[in-house]
Structures are given as structure tokens and as C-alpha cells.
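We're numbering straight along the sequence, starting at 1.
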Amino acid sequence: MSTPFPFTAVVGQDDLRLALLLNAVSPAVGGVLVRGEKGTAKSTAVRALSVLLPAVDVVAGCRFSCDPGAPDPACPDGPHEAGAHESRAARMVELPVGASEDRLVGALDIERALSEGVKAFEPGLLADAHRGILYVDEVNLLHDHLVDLLLDAAAMGASYVEREGVSVRHAAKFLLVGTMNPEEGELRPQLLDRFGLTVEVAASREPDQRVEVVRRRLAYDDDPAGFTARWADEESAVRARIVAARELLPSVRLGDGALRQIAATCAAFEVDGMRADIVMARTAVALAAWDGRTDVLAEDVRQAALLALPHRRRRNPFDAPGLDENKLDETLEEFGGQGSGADGEDEDPDPGPDGPGGGGGQAPESDGPQGDDAGARPEAGEGGEPQPSGAGSGEQQPVRAGEPFRTKVLSVPGVGEGAAGRRSRARTERGRTTGSRRPQGALTKLHLAATVQAAAPHQLARGRAGRGLVVRRDDLRQATREGREGNLVLFVVDASGSMAARQRMSAVKGAVLSLLLDAYQRRDKVGLVTFRGTAGDVALPPTSSVDAAAVRLESLPTGGRTPIAAGLLKAHDVLRVERMRDPARRALVVVVTDGRATGGPEPVAMAGRAARLFAAEGIASVVVDCESGPVRLGLAGRLAGELGGTAVTLDELRADSIAGLVRDVQGTSRRAA
């Protein structure tokens with residue numbers, strides 16, 4: 001077993017360490033979401049925390065970690081009698097992004113069912129994590145069906161399994177810790193709200209601190225055991241402080257003054273629901289206990305707000321998390337004065353003992369990922385992308401996108417086998433069972449009835465004598481299920497001068513932004529290709545981060561001629577490369593243009609030839625017709641015909657238009673079943 005990097009040896013990252021320690025003191029705070037760029041010690045700090053947690057007493061032999069002082073009456077391994085118990089270290093269980101549903105919640109023990117003829121439950125990761133830590137690295141990439149199961153367990157403190165003749169309920173109370181890189185996509189709002197606290201981390205820009213990070217890491221890699229031994233005293237001190245804070249926690253008083261500040265702060269920042277108020281209260285109490293105090297002070301409330309509210313203020317995935325600290329201070333002063341103790345009286349702040357994550361820690365600085373990299377869209381005209389060649393002299397400044405709206409569902413025809421999502425029909429690990437087949441490779445989802453049916457006729461020939469069923473490899477059947485998949489939605493946006501005419505670009509950007517929001521909700525990858533002047537340009541390679549696409553879209557300038565052929569050929573190259581990287585993910589090409597091809601030699605004929613490449617390969621496509629005015633030439637409709645797709649106007653794109661609620665993209669996909 002590898003030796004974890006010492007928690008106290010992590011350089012900097014005060015807010016990250018403080019948030020983790022507060023959850024160690026009071027697991028009721030609700031866990032931590034750590035957002036930040038790669039290589040910032042996110043996973044290192046989380047894994048190091050497990051070593052500091054106090055040991056837990058469990059019923060001896062119980063697979064579900066029941067507390068001997070209050071065993072779960074519904075425990076599948078129960079009922080437990082008073083007596084044998086044991087003490088063990090708190091567990092940290094890692095949930096892989098690609099885990100199956102059975103691995104998370106548990107399932108029927110197939111081996112015992114087939115060999116012994118009995119129903120037995122095999123626990124999953126939720127059972128292993130009970131009374132410990134459940135850690136999800138890259139939590140924003142977790143499949144939706146696993147997210148749903150986590151939400152249920154986190155809300156009820158228990159896991160319910162109803163499948164294949166097994167009905168089991170067991171306790172599942174755990175500290176949920178997730179790490180993510182915002183550049184790879186955002187987290188579903190429902191799961192985001194389940195994390196009690198959130199912190200933004202970034203690499204230090206101070207040379208001395210970066211030197212110390214490298215020095216400690218190299219020393220650890222050379223001799224993990226020796227390095228850990230050198231930090232043993234610091235680790236023991238923090239472990240003892242956690243134990244002391246846990247013992248003090250029930251004695252901490254949360255007065256009416258502090259409660260009023262908490263309620264006023266949540267109301268001022270317009271957070272949804274009441275979970276924020278409860279999390280802030282628990283965090284403020286934990287901060288006081290961590291500092292060795294029995295009264296909650298105003299600075300505890302302030303620090304709790306900085307940790308508990310930023311991720312709850314987001315109204316859409318393109319909003320940057322964060323708080324206006326001036327507004328926070330004004331609210332706290334208005335409703336609490338100089339300080340609010342247990343009875344709302346002024347008190348002198350107690351700085352508390354020094355140590356990792358000491359009380360009154362400061363909020364993350366405004367640079368790094370919590371700025372533009374976290375999804376904030378720059379003002380028009382700021383930091384535009386490099387211009388494609390031949391942009392022309394008629395370039396116009398970027399305009400703001402119009403208000404987004406709910407769009408119709410654009411889906412790829414046929415049935416795919418891509419990553420789980422919410423757009424097009426697909427054979428997936430989760431969904432309704434549609435049949436069975438012989439497994440191709442490893443068996444991942446057993447169709448029990450079909451397996452028994454295949455084995456039953458051969459029992460006499462195989463000499464069956466006991467209760468168990470004699471099953472061979474050829475009898476096994478894989479369940480086939482149909483659900484929804486996420487697609488690659490590649491936007492090909494006309495940024496020429498004709499699109500800028502009559503102030504259309506604001507409406508066009510609003511439409512694309514609306515489709516990006518839809519792609520976020522349906523768990524798609526997105527890419528952005530633009531064309532103007534004489535060339536097409538890959539403004540954003542395919543990514544899971546719709547935030548990045550929104551930023552590039554907002555800063556998109558316009559002007560020059562309309563090289564539709566160049567844009568389509570560039571998009572075709574992007575799809576070719578992406579198909580090699582992820583062959584199972586089907587593509588949906590969304591061309592946003594008025595159809596007036598003017599760039600390059602023989603622009604209309606070349607645009608038609610480029611479009612027919614997509615039709616020949618069965619690539620699903622839709623053209624958003626941006627033509628306006630009383631006289632319409634229907635050029636976008638002709639382009640859609642060449643692509644083998646369909647055309648919709650900006651008005652028809654709205655879900656509430658009279659044209660219908662759902663529009664399937666016409667055309668066939670070469671990989672559709």
C-alpha cells in the first residue's frame with residue numbers, strides 16, 4: 001500500500017485545506033467540491049485527509065460498517081447482537097468515472113445465485129464508503145445515472161437496491177469530496193448543490209512557493225516513508241486538533257445574531273432553497289470548534305459564506321462562481337454590527353491557534369480559474385481570438401449575444417453506442433431493457449432470465465444434482481438496453497459581413513448560446529468552427545466545456561466575405577480527427593448561416609461540393625437559417641439539402657414556436673444501427 005503525501009506538507013492551498021478540515025470536524029457540513037486547473041494538489045490533499053480522520057468502531061464482520069453503539073436495524077448483515085466490535089481506520093473510497101451502476105450500489109451475487117441457488121447481495125462502493133469518505137476525481141465527467149444514484153444516497157443517507165429479485169436497503173452516510181477541472185465541463189446543478197462547500201484552487205505565482213512545492217515533491221518521491229516520518233509530529237498535532245474540535249462541537253452556541261446574519265446573507269445573494277442557510281450554519285459552528293471557541297463570531301459567518309455560497313449563486317453554466325465581498329461585508333455589518341456572538345453581542349475576534357487552515361482563512365484570490373477561465377464571458381471587444389487569414393478590411397467589433405432561450409431538441413437519427421447523455425437514442429448501460437445477446441468480450445450486464453433460459457435445456461445432460469444451476473460460458477447473455485447518448489455538436493458559424501448586416505449577429509449569437517445551453521444539459525461535447533474572409537478557423541476544438549465555447553462565441557468578430565466551402569471543409573477535418581479519437585460518439589453538425597456563399601473561386605459550386613461530403617458520409621446536420629427581410633432567397637435551405645439535413649429558421653428554433661416541439665435531423669448516420 002502506497003504512503004499518502006502528508007496533509008500538513010501541502011504547500012499553500014489554505015482554503016482547500018480549511019474546507020477539508022471543517023468536514024473532518026463536522027461531516028454534517030456536506031462535503032467539498034474542489035475546482036481548479038490540473039496539477040494543483042487537489043487529489044493529493046483529499047487522499048492525505050483520510051490519514052487524519054479518527055478511527056471508527058464497527059461491528060465485527062459487518063460489511064456495511066455498522067456502529068456497534070447504534071447498529072442499523074435494517075442492515076443486510078444484521079441483526080447485530082451486542083458484543084464483538086473492532087476499530088479500524090476511516091476509509092476513503094474512490095468512485096471511478098467509468099464505474100458501473102452495480103459497482104456503485106451493489107447487486108445480486110451472480111456466482112452464488114447460479115452455483116448455490118440462493119439470493120445474496122454483494123455490496124457496492126456506497127456500502128464501503130459508509131462512515132468514511134467517498135471521493136470522485138473528475139466528478140464533472142461522472143455519468144448521469146451514477147449522479148442520480150449519488151443524489152439519492154446523499155439525500156436519504158441510505159442506498160436502496162431493487163433489482164433482479166433483490167430488495168436491499170443499507171445506511172450510506174459519507175463525506176462526499178469531488179475534484180474537477182472546469183475546462184472539461186461543468187457539474188449538474190442538482191449535484192453541485194449537494195456539495196456543502198466549494199473552493200477554487202490555482203497554482204501559486206510566487207517563485208519561492210513554487211520552488212518549495214517542487215522540493216517537497218521530489219523529496220517525497222525519493223523516499224515516501226522517510227518524508228512522511230519527518231512530518232509525523234505535524235500530522236499528529238492536526239489529528240489531535242480534529243479530535244478536540246469534534247468533542248467541542250456540541251458545545252458551540254449559534255446565537256440569534258449569527259443566525260440573522262446567515263439568513264440575511266443567503267437572502268441578499270438570492271440563493272435557491274434553504275440548504276445554503278443550513279450549510280452556512282453548520283460551517284460557522286465547525287469554524288468556531290476548529291478555533292477552540294464555543295461562540296460563533298461574525299468572521300465565522302463571513303468565512304462560511306465564502307465557502308458555502310459561490311457555487312449556489314450560478315443561474316446558468318456560463319456564470320462564474322464567486323461572491324461580491326464588498327456586498328457580503330455590507331450585509332454582515334447591517335445585520336450584525338461589529339461582531340455577533342451567541343447572543344448577538346459585540347465580541348473581540350479570537351484568531352485561534354495557528355496551523356493548517358486556521359480560522360478566518362481568506363477567500364481565493366480573484367486571479368486564476370475563478371476569473372475568465374471559470375466561465376466568465378469577457379466584455380465585447382476584449383481579448384478577441386486570433387483572426388483567420390483573409391479576414392478582410394471590413395471587420396466589425398464583436399457584439400453581445402442576445403438573450404438565450406429554450407430550443408427544440410435536435411437529435412441524430414438511428415441508434416448509437418456513444419457515451420451516456422440525453423440527446424439521441426443509443427444502446428447504453430442504463431435504460432430500458434430491450435433484449436439480450438451473446439456477450440462480445442467481457443460480460444458487463446447479465447440478462448438473468450435469458451441466461452437461465454439458455455442453460456435450462458442442458459441440465460440433465462450436464463448431470464445437475466443439487467439446487468444450483470449448471471451454467472457454462474456459452475449460456476451467458478448480455479442485457480441490451482436503450483437509453484440516450486451524448487453527441488458531438490459541432491457549430492459551424494458564419495462570421496462574414498453579410499451576417500453582421502441589420503444587427504443580426506446579436507440574435508445569431510443568442511441562438512448559438514441557447515444551443516450551447518442545450519448541449520450542456522444533454523451532456524454533449526461541443527466544438528466551434530467559424531468562417532469569414534477566405535478561410536475557416538477552428539475557434540474551439542471539441543471539448544466538454546461549453547463555457548469555453550461561450551467565451552469564444554462572445555469574442556467572435558465579424559466582417560469580410562462568406563467562404564462557406566472553407567468552413568465546411570474545416571469542420572469535415574475536425575470530425576475526421578475526432579472520429580479517430582472517439583469513434584463511438586456520433587456527430588451533429590449545426591451550420592449557422594444565411595447561405596450566401598461569396599468567398600473563394602466559384603463559391604456556390606464549391607459550397608455544394610463540400611456539403612455533399614457530409615451527405616455522402618451520413619453525417620447528421622441541420623442549418624439554422626439566419627436570412628431576414630421581406631425578400632428571402634432560400635439559400636440556407638438549398639445548403640441543407642446538399643448536406644442531406646434540414647433547415648430551421650431562428651424563430652423555428654425556439655421550443656415554444658408553433659412549428660412543433662421536436663425536430664429530428666433528417667439524413668442517416670453511417671454508424672447508426
Side-chain angles (χ1 to χ4, degrees), residues 20-32 46-47 49-95 103-107 109 120-136 149-162 166-177 194-197 236 238-252 278-279 281-283 285-286 289-290:
L20 291 172
L21 290 169
L22 292 177
N23 275 274
V25 171
S26 175
V29 167
V32 186
V46 174
R47 293 188 175 97
L49 176 68
S50 61
V51 180
L52 298 179
L53 295 181
V56 294
D57 290 331
V58 298
V59 174
C62 178
R63 297 173 298 166
F64 301 88
S65 302
C66 279
D67 185 348
D72 182 4
C75 176
D77 284 355
H80 298 299
E81 298 180 358
H85 68 277
E86 59 186 5
S87 180
R88 61 163 175 78
R91 291 174 178 163
M92 190 191 75
V93 178
E94 294 196 39
L95 171 60
R103 185 71 187 98
L104 178 62
V105 300
D109 189 331
F121 180 69
E122 184 177 1
L125 295 177
L126 290 180
D128 293 341
H130 180 48
R131 302 177 68 199
I133 300 174
L134 182 62
Y135 172 49
V136 189
L149 294 170
L150 275 181
L151 289 175
D152 291 341
M156 297 182 292
S159 175
Y160 292 83
V161 183
E162 301 280 350
V166 174
S167 179
V168 173
R169 176 264 181 206
H170 65 83
K173 297 180 180 179
F174 47 82
L175 172 59
L176 181 61
V177 180
R194 285 294 174 185
F195 285 98
L197 310 179
S236 297
V238 173
R239 189 179 297 109
R241 188 174 173 187
I242 291 174
V243 173
R246 283 189 173 187
E247 294 175 351
L248 183 63
L249 194 67
S251 303
V252 177
I278 297 171
V279 171
R282 289 171 174 168
T283 305
V285 169
W290 177 248

Practice task
Any chance you could measure L52, atom CG, to S236, atom OG, to the nearest 0.5 Å?
Solution key: 9.0 Å
Handout entry: Test item: D77 side-chain N/O and R63 main-chain N/O as donor-acceptor pair under 3.5 Å
Key = yes
Exercise for the section: Report yes if the side chains of L150 and L126 come closer than 4.5 Å at any heavy-atom pair, otherwise no. Expected result: yes
Completion exercise
Nearest heavy-atom approach of A289 to V25 is CB-CG1, 4.4 Å
Exercise for the section: State which residues pass side chain to side chain contact (heavy atoms under 4.5 Å, CB included) with A127; sequence neighbours excluded, sorted by chain then number. Expected result: F64, P123, H170
Practice task
Kindly write out the residues that satisfy side chain to side chain contact (heavy atoms under 4.5 Å, CB included) with I278, not counting sequence neighbours, or none if the list is empty.
Solution key: R282
Practice task
Grab the two heavy atoms, one from G157 and one from K173, that are nearest each other, plus how far apart they are.
Solution key: O-CG, 3.7 Å
Exercise for the section: Go through the steps to decide whether L22 and W290 satisfy the test side-chain contact (heavy atoms from CB on, under 4.5 Å), and finish with yes or no. Expected result: CA-CA 7 Å; L22 292 177; W290 177 248; 4.3 Å; yes
Problem - Heavy-atom check, side chain of R131 versus side chain of V58, under 4.5 Å - result: yes
Practice task
Locate the shortest heavy-atom distance separating V59 from P68; write the atom from each residue and the value.
Solution key: CG2-CA, 3.8 Å
Completion exercise
Between the CG atom in L249 and the OG atom in S26, the distance rounded to the nearest 0.5 Å is 5.0 Å
Problem - Contact summary for G61 and E86, nearest pair of heavy atoms - result: N-OE2, 4.3 Å
Practice task
Evaluate the criterion side-chain contact (heavy atoms from CB on, under 4.5 Å) for residue pair Y135 and L176; output intermediate values, then yes/no.
Solution key: CA-CA 6 Å; Y135 172 49; L176 181 61; over 6 Å; no
Practice task
Go through the structure and list residues passing side chain to side chain contact (heavy atoms under 4.5 Å, CB included) with D72, not counting sequence neighbours.
Solution key: C66, A74, C75, R169, A171
Problem - Heavy-atom side-chain contact between V177 and N23 under 4.5 Å - result: no
Practice task
Evaluate the side-chain proximity of R91 to V56: yes if any heavy-atom separation is below 4.5 Å, no if none is.
Solution key: no
Handout entry: For L49 against L175, the heavy-atom pair lying closest together
Key = CD2-CD2, 4.5 Å
Practice task
Evaluate the side-chain proximity of L21 to V238: yes if any heavy-atom separation is below 4.5 Å, no if none is.
Solution key: yes
Exercise for the section: With the side chain counted from C-beta on, respond yes when H130 and S159 share a heavy-atom pair under 4.5 Å apart, and no when they do not. Expected result: no
Completion exercise
Here the gap from T283 atom OG1 to L197 atom CG, rounded to the nearest 0.5 Å, amounts to 4.5 Å
Handout entry: Donor-acceptor contact below 3.5 Å, side chain R246 vs main chain A24
Key = yes
Practice task
Provide the closest heavy-atom pair for A286 versus V29 in the form atom of the first, atom of the second, distance.
Solution key: CB-CG2, 4.5 Å
